[in-house]
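Throughout, a chain's letter reflects where its sequence line sits, starting with A, and its residues are numbered from 1. Below, each value reflects all heavy atoms present in this structure, side chains not excepted, and no hydrogens, waters or symmetry copies.
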Amino acid sequence: MPPVRLTIEAKHSSARAGVLHTPRGDILTPAFVPVATKADIKGIESAKFPSLGVQTLIANTYHLYLSGLDAVEKGGGVAKFMNWNGPTMTDSGGFQVFSLGTGFGKKISKFTPEKKDLQQNGLAKAPEGSEDPRGSFDGDLSSSAPAVYDEDLATSHGKLAIVDDEGVSFTSHLDGSLHRFTPERSVEIQHRLGADIFFAFDQCTAPTDSYEEQKEAMERTHAWAKRSLSTHRQNLDANTKQGIYGIGQGGQFDDLRRESARTIGNMGFDGFGLGGSFSRKYGDHSLQSALAMLTELPEGMSVHGLGVGEPEDILLGAAHGVDTFDCVTPTRNGRNGGLYTKRGKIQIPNAEHQYDYSPIDEGCQCPTCQNHTRAYVHHLFRTREILGPILASMHNIYFLTKLCSDIRESILNGQFEQFKNSFLETYKGN
RNA sequence: GCGUCGGUGGUAGAGUGGUCAAUUACACUUGGCUGUAAACCAAGCGCCUUCGGGCUACGUAGGUUCGAAUCCUACCCGGCGCA
């Protein structure tokens, strides 16, 4: 019996409600998975999770590898280390390849280590015949540019990562030191982190990337998936304790998406990760166009939506059969003053809330709304008190976990469509 | 009373004859945030505008100058020192 498996309880068209069984407990799906990048949901201690409807969380391989890996491992893995006795996940670090590298601009920064520098350091294999593997490095690769950390350059979003077929060479955003991830290395680190569910190392793309770029990243992701899976399957101990999800890519191209789902779906993974980057800056339909791929997956395979977390997108994803969603939206928006309400998002620091003594969201059962007013949270933001972002994050997390449990209930009751339409009507203010 | 230093936009504080409607920070107004390099980032922030520009502004009132927040005079206000 695989350590991670999904039991589907009810379906409503493609939407489904189920139970995702993991070694550390069951997750009722659809479920929202808060992001705990560095082994904490920013601002929220684990004792608070139950009151926020949190069933599981996802930590990050890249960040924990750069700081804290040994301590996490010796502390018994991500879950035990943070004193959370529920299921956990880890992301593979593949997204950082994107966000630290190809995702930022098209101009190579002089901060970026060159391939030859990396090779000199024994960090990179020469990708034969691929001087320009992604076709996006229009910087001058031949001039000598030292891979030295420079805060100004770092904060101006220079690229910190270079991809080749073997893996990714990158410089730490913390101290500029050189590192290298391969699929094998990512899996080994994730074994040490010990989450119930972890992801194969992939290459994430932006929906705006060209067909050629998407195809190349997808094929590389498939090759890496195979290597990730094989590395995992060779570790018999880890196989009994952890499930591995493969990630599909393909950008906005339906043929690539479907091909990716078929390929990854038939490799023997314990679940499927819907890959990509669905920020609105890439348009309003990047998620929509990616979701069709899910119909190519084997029946009953669990699906995780990576980085899908706006309420509309969770509803959209759930409608297409996504079981779990992770996203930074509740915590990042919360810290920055953006709060979810049934009637849409509000900016709590804005002047209109100064004397509003009603709760953030009328009828909300979260600890913040049960105990505090908009005026109070507004005041905490204005005075830059740390409690403001904490209360805001708690509310937002609850909002999204509640949305997922409402979706689940509506599917079990055969009312998903009605619930979805009614929620969106109120949320969008129509 | 005498001497001295100083009075700049919501605040602090630059500027010390033209490139100044005035650097910068904070405050303020608003927008953004989708597998977290994010307790972050961005825009706006005298009035009017056909967006070319126009008008009023650097304690108050005069003056010098082609031109003044910047120089001069008087006055008002504040700090400090001496009586």
Side-chain angles (χ1 to χ4, degrees), chain A residues 32-38 40-43 57-64 66-67 89-101 103-104 111 149 151 153-161 170-176 197-207 245 247-249 273-284 286-287 290 304-314 316-317 322 324-340 345-347 349-352 354 380-393 396 400:
Chain A
F32 181 74
V33 184
V35 173
T37 303
K38 292 178 261 193
D40 74 310
I41 299 177
K42 294 188 193 301
L57 53 87
I58 182 166
N60 192 281
T61 299
Y62 166 85
H63 298 270
L64 290 177
L66 285 180
S67 43
M89 306 182 182
T90 52
D91 193 7
S92 62
F95 180 74
Q96 277 63 42
V97 174
F98 163 73
S99 69
L100 301 175
F104 279 130
F111 175 40
Y149 182 70
E151 192 169 52
L153 287 169
T155 54
S156 67
H157 288 175
K159 285 185 192 173
L160 307 187
F170 59 93
T171 52
S172 161
H173 70 281
L174 300 172
D175 62 9
I197 295 169
F198 70 97
F199 287 85
F201 192 58
D202 70 314
Q203 182 182 354
C204 186
T205 57
Y245 280 36
I247 298 176
Q249 294 290 352
L274 174 71
S277 180
F278 305 113
S279 166
R280 284 275 178 267
K281 69 186 171 194
Y282 299 124
D284 291 336
S286 60
L287 175 62
H304 179 83
L306 288 152
V308 178
E310 287 296 344
E312 304 99 309
D313 293 340
I314 288 176
L316 181 64
V322 179
T324 50
F325 304 83
D326 81 77
C327 202
V328 304
T329 47
T331 42
R332 182 186 289 168
N333 278 318
R335 280 197 309 288
N336 295 336
L339 300 233
Y340 291 103
K345 230 184 287 182
I346 63 168
Q347 291 293 323
N350 283 9
E352 61 179 311
Q354 188 172 11
L380 295 175
F381 268 90
R382 285 308 183 102
T383 51
R384 299 192 70 79
E385 285 297 298
I386 195 165
L387 186 57
I390 291 172
L391 292 179
S393 295
N396 280 350
L400 294 181

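A gap of 35 Å separates the C1' atoms of U64(B) and G10(B), to the nearest Å. Rounded to whole Å, the separation between the C1' atoms of A69(B) and G15(B) comes to 8 Å. For the C1' atoms, the distance from U56(B) to G3(B) is 37 Å, rounded to whole Å. Rounded to the nearest Å, the gap between the C1' atom of C76(B) and that of G32(B) is 49 Å. Rounded to whole Å, the separation between the P atoms of U4(B) and U73(B) comes to 12 Å. Taking the C1' atom of each, A37(B) and G44(B) are spaced 28 Å apart, rounded to whole Å. With both ends at atom C1', the span from C45(B) to U30(B) equals 11 Å, rounded to whole Å. U11(B) and C82(B) have their P atoms separated by 33 Å, with the value rounded to a whole Å.
Asp313(A) is listed as a side-chain neighbour of Arg280(A), based on a closest heavy-atom distance under 4.5 Å. Ile247(A) places a side-chain heavy atom less than 4.5 Å from the side chain of Leu306(A). For the pair Leu66(A)/His173(A), a side-chain contact is recorded, criterion being any heavy-atom separation below 4.5 Å from C-beta on.
An OP1 or OP2 oxygen of U36(B) is reached within less than 4.0 angstrom by a side-chain nitrogen or oxygen of Gln96(A). At least one side-chain nitrogen or oxygen of Arg382(A) sits closer than 4.0 Å to the OP1 or OP2 atom of C28(B). Residue Ser99(A) places at least one side-chain N or O closer than 4.0 Å to OP1 or OP2 of A37(B). An OP1 or OP2 oxygen of U36(B) is reached within less than 4.0 angstrom by a side-chain nitrogen or oxygen of Thr37(A). For Asn333(A), no side-chain nitrogen or oxygen approaches OP1 or OP2 of C33(B) to under 4.0 Å.
Against the 90° criterion about 0, the sugar-base torsion of G54(B) places it in the anti range. Against the 90° criterion about 0, the sugar-base torsion of A37(B) places it in the syn range.
Among the heavy atoms of the strands lying under 4.0 Å from Asp202(A) is at least one base atom, whether or not backbone atoms are also near. When heavy atoms are screened at a 4.0 angstrom cut-off, Gly276(A) is found touching base atoms of the nucleic acid. Residue contacts shown for Asp313(A) include a base, since a base heavy atom lies under 4.0 Å away. If you check every strand for non-hydrogen atoms under 4.0 Å, Thr329(A) touches sugar and phosphate atoms only. Within the nucleic acid shown, Ile247(A) comes within 4.0 Å of at least one base atom, counting heavy atoms only.
Computed from coordinates, the Leu400(A) CG to C33(B) P distance equals 14 Å when rounded to whole Å. Going from atom CG of Asp326(A) over to atom P of G35(B) covers 7 Å, rounded to whole Å. Between the CD atom of Gln347(A) and the P atom of C33(B) there is a distance of 9 Å, given to the nearest Å. Rounded to whole angstrom, the span from the CZ atom of Phe98(A) across to the P atom of U36(B) amounts to 12 Å. Here the P atom of nucleotide U34(B) and the CD1 atom of Ile58(A) are 16 Å apart, to the nearest Å. Here the C1' atom of nucleotide U30(B) and the NZ atom of Lys345(A) are 15 Å apart, to the nearest Å. Taking atom CG of residue Asn396(A) and atom C1' of nucleotide U34(B), one finds them 13 Å apart after rounding to whole Å. The nearest whole Å value for the distance from the CZ atom in Phe95(A) to the C1' atom in G35(B) is 6 Å.
To the nearest 0.5 Å, atom OG1 of residue Thr331(A) and atom CD1 of residue Ile390(A) are 12.5 Å apart.
Annotation: ring-ring contact (aromatic ring centres under 6.0 Å, His included) contacts of Phe198(A) (sequence neighbours excluded): His191(A), His232(A). By the side-chain contact (heavy atoms from CB on, under 4.5 Å) test, Ser279(A) pairs with Lys281(A), Tyr282(A), sequence neighbours left out. With sequence neighbours excluded, no residue forms a salt bridge (Lys or Arg N to Asp or Glu O under 4.0 Å) with Asp326(A). Applying the side-chain contact (heavy atoms from CB on, under 4.5 Å) criterion to Asn333(A), with sequence neighbours excluded, gives Glu310(A), Thr329(A), Tyr340(A), Lys345(A), Asn396(A).
Here Tyr245(A) and Phe199(A) bring their ring centres to under 6.0 angstrom of each other.
Between the side chain of Ser67(A) and the backbone N or O of Leu64(A), no donor-acceptor pair lies under 3.5 Å. At distances below 3.5 Å, not a single donor-acceptor pair connects side-chain atoms of Thr90(A) with backbone N or O atoms of Ala59(A). In this structure a side-chain-to-backbone donor-acceptor pair under 3.5 Å is present from Asn60(A) to Tyr62(A).
With the 3.5 Å cutoff on both pairing distances, Watson-Crick and G-U pairs in RNA chain B assemble into runs of at least 3 at B:1-7 with B:76-82, B:10-12 with B:24-26, B:28-32 with B:40-44, B:46-48 with B:53-55, B:59-63 with B:71-75.
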Measure all distances between protein nitrogen or oxygen atoms and nitrogen or oxygen atoms of nucleotides 38-45 of chain B, and list the pairs falling under 3.5 Å.
unit_1 : atom_1 : unit_2    : atom_2 : d
A38(B) : O2'    : Arg335(A) : NH2    : 3.1
A38(B) : N7     : Arg332(A) : NH1    : 3.4
A38(B) : N7     : Arg332(A) : NH2    : 2.6
A38(B) : N6     : Arg332(A) : NH1    : 3.4
A39(B) : OP2    : Arg335(A) : NE     : 2.9
A39(B) : OP2    : Arg335(A) : NH2    : 3.3
C40(B) : OP2    : Arg384(A) : NH2    : 2.8

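Comparing Glu352(A) and Tyr62(A), the nucleotide of RNA chain B nearest to each residue sits closer to the 5' end for Glu352(A).
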